[in-house]
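Since the structure is predicted, the reported quantities are computational estimates derived from the model, not experimental observations.
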Amino acid sequence: MKYLFLNHKMNMTSIEIVEYLEKLKKIDFKNTELSIFPSYIYIPYFFGKNVTYGAQNVSVYQEGPYTGDVSAKQLKSLEAKYCLVGHSERRYVFDEWDEDINEKIVRLQENNIIPVLCIGERKKENRETVLEKQLKIGLKDIDLDNIIIAYEPVYSIGTGIVLENVEIEGIIRFIKNYIEVTFGKSLPVLYGGSVDEKNISRLSKISNIDGFLLGKSSLDLEKVKLILESIN
Ligand code: PGA
(Lines give C-alpha, C1' and ligand atoms only; values in the text may rest on other atoms or scores of the structure.)
Protein backbone atom coordinates (compact mmCIF):
# COMPACT_ATOMS: atom_id res chain seq x y z
CA MET A 1 0.00 0.00 0.00
CA LYS A 2 1.34 3.43 -1.00
CA TYR A 3 0.37 6.82 0.39
CA LEU A 4 -0.79 9.61 -1.91
CA PHE A 5 -1.10 12.87 -0.01
CA LEU A 6 -2.63 15.91 -1.70
CA ASN A 7 -1.50 19.25 -0.29
CA HIS A 8 -3.78 21.99 -1.57
CA LYS A 9 -1.73 24.74 0.08
CA MET A 10 -3.57 28.12 -0.02
CA ASN A 11 -5.70 27.32 -3.04
CA MET A 12 -9.39 26.88 -3.98
CA THR A 13 -12.55 28.81 -3.25
CA SER A 14 -15.50 27.26 -1.42
CA ILE A 15 -17.26 26.60 -4.74
CA GLU A 16 -14.18 24.90 -6.16
CA ILE A 17 -13.73 22.68 -3.15
CA VAL A 18 -17.35 21.47 -3.37
CA GLU A 19 -16.83 20.63 -7.05
CA TYR A 20 -13.57 18.89 -6.19
CA LEU A 21 -15.32 16.73 -3.62
CA GLU A 22 -18.03 15.81 -6.13
CA LYS A 23 -15.41 14.70 -8.67
CA LEU A 24 -13.45 12.88 -6.03
CA LYS A 25 -16.43 10.57 -5.36
CA LYS A 26 -15.98 9.04 -8.81
CA ILE A 27 -12.32 8.22 -8.36
CA ASP A 28 -11.13 4.75 -7.49
CA PHE A 29 -8.24 5.09 -5.01
CA LYS A 30 -7.29 1.48 -5.69
CA ASN A 31 -4.86 0.16 -3.12
CA THR A 32 -3.72 3.67 -2.11
CA GLU A 33 -4.11 5.58 1.13
CA LEU A 34 -5.21 8.81 -0.51
CA SER A 35 -5.58 11.76 1.83
CA ILE A 36 -6.36 15.42 1.22
CA PHE A 37 -4.83 18.41 2.99
CA PRO A 38 -7.11 21.37 2.24
CA SER A 39 -6.94 24.82 3.82
CA TYR A 40 -8.17 24.72 7.42
CA ILE A 41 -11.47 26.41 6.53
CA TYR A 42 -12.48 23.57 4.22
CA ILE A 43 -11.81 20.72 6.64
CA PRO A 44 -15.50 20.62 7.73
CA TYR A 45 -16.44 19.96 4.07
CA PHE A 46 -14.58 16.63 4.34
CA PHE A 47 -16.15 15.57 7.61
CA GLY A 48 -18.20 12.40 7.08
CA LYS A 49 -17.07 11.96 3.46
CA ASN A 50 -15.55 8.77 2.19
CA VAL A 51 -11.96 10.01 2.14
CA THR A 52 -9.32 10.69 4.78
CA TYR A 53 -8.01 14.20 5.26
CA GLY A 54 -5.66 16.25 7.30
CA ALA A 55 -4.41 19.75 8.00
CA GLN A 56 -1.41 21.58 6.57
CA ASN A 57 -0.30 22.91 9.94
CA VAL A 58 -1.25 23.03 13.63
CA SER A 59 -0.67 25.31 16.60
CA VAL A 60 2.07 24.59 19.12
CA TYR A 61 -0.47 25.57 21.80
CA GLN A 62 -3.19 23.38 23.26
CA GLU A 63 -5.95 26.02 23.42
CA GLY A 64 -6.61 29.59 24.50
CA PRO A 65 -5.90 33.15 23.40
CA TYR A 66 -3.89 32.49 20.21
CA THR A 67 -5.68 34.48 17.52
CA GLY A 68 -5.48 32.85 14.11
CA ASP A 69 -4.16 29.50 15.31
CA VAL A 70 -5.88 26.10 15.07
CA SER A 71 -5.27 23.43 17.70
CA ALA A 72 -4.76 19.70 17.36
CA LYS A 73 -7.81 19.22 19.59
CA GLN A 74 -9.95 21.22 17.14
CA LEU A 75 -8.61 19.20 14.21
CA LYS A 76 -9.40 16.00 16.07
CA SER A 77 -12.96 17.19 16.69
CA LEU A 78 -13.37 17.22 12.88
CA GLU A 79 -11.74 13.78 12.61
CA ALA A 80 -8.60 14.87 10.80
CA LYS A 81 -6.44 11.78 10.43
CA TYR A 82 -3.11 13.41 9.51
CA CYS A 83 -1.37 16.75 9.80
CA LEU A 84 1.65 18.09 7.94
CA VAL A 85 4.34 19.69 10.10
CA GLY A 86 7.50 21.45 9.03
CA HIS A 87 6.58 21.95 5.40
CA SER A 88 9.34 24.06 3.84
CA GLU A 89 6.88 26.92 3.24
CA ARG A 90 6.23 26.95 7.02
CA ARG A 91 9.93 26.73 7.80
CA TYR A 92 11.19 29.37 5.38
CA VAL A 93 8.25 31.73 4.78
CA PHE A 94 6.95 31.66 8.35
CA ASP A 95 10.22 31.02 10.17
CA GLU A 96 9.24 27.84 11.96
CA TRP A 97 12.06 26.16 13.79
CA ASP A 98 12.75 22.48 14.38
CA GLU A 99 11.89 23.01 18.06
CA ASP A 100 8.40 24.36 17.14
CA ILE A 101 7.91 21.44 14.80
CA ASN A 102 8.81 18.98 17.55
CA GLU A 103 6.27 20.67 19.83
CA LYS A 104 3.59 20.43 17.14
CA ILE A 105 4.22 16.70 16.78
CA VAL A 106 3.65 16.31 20.52
CA ARG A 107 0.32 18.23 20.27
CA LEU A 108 -0.80 16.00 17.39
CA GLN A 109 0.08 12.79 19.16
CA GLU A 110 -1.77 13.93 22.30
CA ASN A 111 -4.82 14.02 20.03
CA ASN A 112 -4.15 10.84 18.05
CA ILE A 113 -3.50 12.62 14.78
CA ILE A 114 -0.73 11.15 12.65
CA PRO A 115 2.04 13.71 12.05
CA VAL A 116 3.62 13.93 8.60
CA LEU A 117 7.03 15.46 9.24
CA CYS A 118 8.29 17.28 6.14
CA ILE A 119 12.03 17.61 5.74
CA GLY A 120 14.27 18.77 2.94
CA GLU A 121 17.41 20.70 2.15
CA ARG A 122 17.64 24.04 0.34
CA LYS A 123 21.00 23.25 -1.23
CA LYS A 124 22.43 19.88 -2.23
CA GLU A 125 25.82 20.77 -0.70
CA ASN A 126 24.74 20.42 2.92
CA ARG A 127 21.95 17.95 2.39
CA GLU A 128 22.91 15.30 4.95
CA THR A 129 23.69 17.81 7.73
CA VAL A 130 20.34 19.56 7.23
CA LEU A 131 18.30 16.36 7.07
CA GLU A 132 20.01 14.97 10.19
CA LYS A 133 19.29 18.16 12.14
CA GLN A 134 15.65 18.28 11.03
CA LEU A 135 15.16 14.65 12.06
CA LYS A 136 17.19 14.82 15.26
CA ILE A 137 15.35 17.83 16.71
CA GLY A 138 12.00 17.19 15.04
CA LEU A 139 11.75 13.65 16.40
CA LYS A 140 13.37 14.25 19.80
CA ASP A 141 11.51 12.32 22.53
CA ILE A 142 8.67 11.51 20.14
CA ASP A 143 6.74 8.25 20.10
CA LEU A 144 7.65 6.88 16.68
CA ASP A 145 4.92 4.28 16.43
CA ASN A 146 2.73 6.35 14.16
CA ILE A 147 4.51 9.00 12.18
CA ILE A 148 5.30 9.53 8.51
CA ILE A 149 8.24 11.39 6.96
CA ALA A 150 7.91 13.39 3.74
CA TYR A 151 11.18 14.18 2.00
CA GLU A 152 10.90 17.24 -0.24
CA PRO A 153 14.04 18.96 -1.53
CA VAL A 154 13.15 22.66 -1.35
CA TYR A 155 14.57 23.41 -4.82
CA SER A 156 12.16 20.84 -6.29
CA ILE A 157 8.99 22.32 -4.81
CA GLY A 158 6.97 24.08 -7.48
CA THR A 159 9.98 24.35 -9.82
CA GLY A 160 9.67 21.33 -12.12
CA ILE A 161 13.17 20.24 -11.05
CA VAL A 162 13.11 16.58 -10.06
CA LEU A 163 16.22 14.61 -9.12
CA GLU A 164 17.20 11.38 -10.83
CA ASN A 165 15.81 8.16 -9.37
CA VAL A 166 19.17 6.89 -8.10
CA GLU A 167 19.74 10.11 -6.19
CA ILE A 168 16.28 10.08 -4.61
CA GLU A 169 16.65 6.41 -3.72
CA GLY A 170 19.99 7.14 -2.04
CA ILE A 171 18.54 10.00 0.03
CA ILE A 172 15.54 7.94 1.14
CA ARG A 173 17.94 5.16 2.16
CA PHE A 174 19.98 7.70 4.11
CA ILE A 175 16.87 9.03 5.91
CA LYS A 176 15.53 5.57 6.77
CA ASN A 177 18.91 4.43 7.95
CA TYR A 178 19.47 7.52 10.11
CA ILE A 179 16.10 7.02 11.82
CA GLU A 180 16.76 3.33 12.38
CA VAL A 181 20.21 3.89 13.84
CA THR A 182 19.24 6.92 15.95
CA PHE A 183 15.76 5.96 17.13
CA GLY A 184 15.56 2.23 16.49
CA LYS A 185 12.44 2.47 14.31
CA SER A 186 11.66 2.18 10.64
CA LEU A 187 9.32 4.85 9.32
CA PRO A 188 7.57 5.31 5.98
CA VAL A 189 9.15 7.99 3.80
CA LEU A 190 7.22 9.81 1.07
CA TYR A 191 8.72 11.90 -1.70
CA GLY A 192 7.47 15.32 -2.84
CA GLY A 193 8.46 18.21 -5.10
CA SER A 194 7.06 18.73 -8.62
CA VAL A 195 5.58 15.24 -8.83
CA ASP A 196 3.12 15.17 -11.73
CA GLU A 197 1.34 12.90 -14.18
CA LYS A 198 4.38 12.99 -16.51
CA ASN A 199 7.18 12.00 -14.12
CA ILE A 200 5.22 9.68 -11.85
CA SER A 201 5.82 6.53 -13.86
CA ARG A 202 9.61 6.84 -13.54
CA LEU A 203 9.39 8.00 -9.88
CA SER A 204 7.20 4.99 -9.05
CA LYS A 205 10.11 2.74 -9.94
CA ILE A 206 12.07 3.91 -6.89
CA SER A 207 11.93 0.83 -4.71
CA ASN A 208 12.19 2.35 -1.22
CA ILE A 209 9.55 5.08 -1.57
CA ASP A 210 6.36 4.64 0.46
CA GLY A 211 4.31 7.21 -1.40
CA PHE A 212 4.12 10.77 -2.69
CA LEU A 213 3.13 14.22 -1.51
CA LEU A 214 1.66 16.33 -4.30
CA GLY A 215 1.28 20.10 -4.32
CA LYS A 216 0.30 21.72 -7.60
CA SER A 217 -0.86 18.56 -9.36
CA SER A 218 -3.19 17.73 -6.45
CA LEU A 219 -5.48 20.58 -7.54
CA ASP A 220 -6.38 18.82 -10.79
CA LEU A 221 -8.19 15.52 -10.26
CA GLU A 222 -7.59 14.43 -13.85
CA LYS A 223 -3.87 14.49 -13.04
CA VAL A 224 -4.47 12.76 -9.71
CA LYS A 225 -6.30 9.96 -11.57
CA LEU A 226 -3.33 9.41 -13.89
CA ILE A 227 -0.94 9.46 -10.94
CA LEU A 228 -3.06 6.88 -9.11
CA GLU A 229 -2.94 4.61 -12.15
CA SER A 230 0.82 4.86 -12.31
CA ILE A 231 1.51 4.05 -8.69
CA ASN A 232 -0.82 1.04 -8.59
P1 PGA B 1 4.67 20.78 -5.65
O2 PGA B 1 4.59 20.93 -4.06
O3 PGA B 1 4.15 19.42 -5.99
O4 PGA B 1 3.78 21.89 -6.17
O5 PGA B 1 6.10 20.95 -6.03
C6 PGA B 1 4.89 19.86 -3.23
C7 PGA B 1 4.77 20.26 -1.79
O8 PGA B 1 5.14 21.40 -1.46
O9 PGA B 1 4.28 19.50 -0.95
Side-chain angles (χ1 to χ4, degrees), residues 1-11 29 32-39 52-58 81-94 96 98 101 104-105 114-124 127 130-131 134-135 138-139 147-176 178-179 187-221 223-228 230-232:
M1 191 273 300
K2 290 253 197 296
Y3 297 91
L4 188 63
F5 285 177
L6 311 184
N7 176 11
H8 285 180
K9 308 195 179 185
M10 198 175 70
N11 290 298
F29 302 160
T32 305
E33 168 74 352
L34 183 137
S35 198
I36 320 252
F37 297 75
S39 291
T52 66
Y53 49 93
Q56 299 170 14
N57 189 25
V58 67
K81 181 169 180 185
Y82 301 100
C83 183
L84 305 181
V85 282
H87 188 281
S88 66
E89 287 148 17
R90 299 301 319 172
R91 290 177 188 267
Y92 304 120
V93 182
F94 297 96
E96 285 187 11
D98 291 308
I101 293 159
K104 289 177 182 208
I105 295 177
I114 301 173
V116 182
L117 171 62
C118 303
I119 59 170
E121 77 283 6
R122 298 172 96 174
K123 289 184 297 202
K124 284 188 187 189
R127 174 185 288 152
V130 170
L131 296 179
Q134 292 176 342
L135 289 167
L139 297 178
I147 175 157
I148 296 169
I149 307 294
Y151 169 64
E152 303 193 289
V154 180
Y155 44 84
S156 288
I157 296 180
T159 59
I161 299 167
V162 185
L163 302 175
E164 293 301 321
N165 280 13
V166 278
E167 193 166 1
I168 298 174
E169 193 165 325
I171 306 166
I172 304 241
R173 192 180 316 113
F174 170 81
I175 293 168
K176 290 190 172 185
Y178 177 82
I179 296 171
L187 297 185
V189 179
L190 319 187
Y191 174 78
S194 296
V195 177
D196 63 22
E197 76 289 1
K198 296 190 194 86
N199 56 31
I200 189 68
S201 61
R202 72 110 162 150
L203 290 170
S204 306
K205 297 199 177 90
I206 302 175
S207 61
N208 56 0
I209 274 188
D210 297 292
F212 297 92
L213 176 55
L214 310 182
K216 191 152 180 270
S217 36
S218 74
L219 301 173
D220 181 343
L221 284 173
K223 293 185 178 173
V224 172
K225 255 201 256 174
L226 294 170
I227 291 169
L228 273 167
S230 263
I231 62 178
N232 276 283

Engineer: Do the side chains of Leu226 and Ile200 get nearer than 4.5 Å, heavy atoms only?
Structural biologist: no
Engineer: Leu190 versus Ile149: any side-chain heavy-atom pair under 4.5 Å?
Structural biologist: no
Engineer: If you measure from OG1 on Thr52 to CD1 on Ile36, what distance do you get to the nearest 0.5 Å?
Structural biologist: 8.0 Å
Engineer: Salt bridge (Lys or Arg N to Asp or Glu O under 4.0 Å) with Lys225: which residues, sequence neighbours excluded?
Structural biologist: Glu222
Engineer: Could you walk me through whether Leu117 and Ile148 satisfy the side chain to side chain contact (heavy atoms under 4.5 Å, CB included) test, starting with their C-alpha distance in whole Å, then the side-chain angles of each, then the deciding distance to 0.1 Å, before giving a yes or no?
Structural biologist: CA-CA 6 Å; Leu117 171 62; Ile148 296 169; over 6 Å; no
Engineer: List for me each residue that meets side chain to side chain contact (heavy atoms under 4.5 Å, CB included) alongside Lys223, sequence neighbours excluded, and say none if there are none.
Structural biologist: Glu197, Ser217, Asp220
Engineer: Which residues satisfy the salt bridge (Lys or Arg N to Asp or Glu O under 4.0 Å) test with Lys124, sequence neighbours excluded?
Structural biologist: Glu167
Engineer: Atom CD1 of Ile206 and atom CG of Asn165: how far apart are they, to the nearest 0.5 Å?
Structural biologist: 4.0 Å
Engineer: Hey, do the aromatic rings of Tyr53 and Phe37 have their centres closer than 6.0 Å?
Structural biologist: no
Engineer: Would you mind telling me which of Val116, Ile147, Val58 makes a side chain to side chain contact (heavy atoms under 4.5 Å, CB included) with Ile105?
Structural biologist: Ile147
Engineer: Do other residues, nucleotides or ligands put more than 12 heavy atoms under 6.0 Å from the CE atom of Met1?
Structural biologist: yes
Engineer: Considering only heavy atoms from C-beta outward, does the side chain of Cys83 approach that of Pro115 to under 4.5 Å?
Structural biologist: no
Engineer: Quick one: does Leu34's side chain get under 4.5 Å of Leu228's, heavy atoms only?
Structural biologist: yes
Engineer: More than 12 heavy atoms of other residues, nucleotides or ligands under 6.0 Å from NZ of Lys198: yes or no?
Structural biologist: no
Engineer: Any side-chain heavy-atom pair from Val154 and Lys123 closer than 4.5 angstrom?
Structural biologist: no
Engineer: Identify whether NZ of Lys or CZ of Arg in Arg122 sits under 6.0 Å from the centre of the six-membered ring of Tyr92 and within 45° of that ring's axis.
Structural biologist: yes
Engineer: Would you check if Glu152 and Ser88 make a side-chain contact, meaning some heavy-atom pair closer than 4.5 Å?
Structural biologist: no
Engineer: Is the closest side-chain donor-acceptor distance between Glu33 and Tyr82 under 3.5 Å?
Structural biologist: yes
Engineer: Supply the atom-to-atom distance His87 NE2 to Lys9 NZ, rounded to the nearest 0.5 angstrom.
Structural biologist: 4.0 Å
Engineer: Would Thr32 and Asn232 satisfy side-chain hydrogen bond (donor to acceptor under 3.5 Å, both in side chains), going step by step from the backbone distance to the final call?
Structural biologist: CA-CA 8 Å; Thr32 305; Asn232 276 283; 2.9 Å; yes
Engineer: Any non-hydrogen side-chain atom of Lys2 less than 4.5 Å from a side-chain atom of Asp210?
Structural biologist: no
Engineer: So, the side chain of Asn7 versus the backbone of Lys216: is there a donor-acceptor pair under 3.5 Å, distance only?
Structural biologist: no
Engineer: Would Ile231 and Leu4 count as a side chain to side chain contact (heavy atoms under 4.5 Å, CB included) here? Give the steps.
Structural biologist: CA-CA 9 Å; Ile231 62 178; Leu4 188 63; 4.2 Å; yes
Engineer: For a salt bridge (charged side-chain N to carboxylate O under 4.0 Å, His left out) check, start with the C-alpha distance between Arg90 and Glu96, then their side-chain angles and the critical distance, and finish with the verdict.
Structural biologist: CA-CA 6 Å; Arg90 299 301 319 172; Glu96 285 187 11; 3.0 Å; yes
Engineer: Between Val195 and Val162, does a side chain to side chain contact (heavy atoms under 4.5 Å, CB included) hold up when you go through it step by step?
Structural biologist: CA-CA 8 Å; Val195 177; Val162 185; over 6 Å; no
Engineer: If we only count heavy atoms from C-beta on, is the Gln134 to Ile101 side-chain gap below 4.5 Å?
Structural biologist: no
Engineer: With under 30° as parallel and over 60° as perpendicular, where do the rings of Phe174 and Tyr178 fit, or are they tilted in between?
Structural biologist: parallel
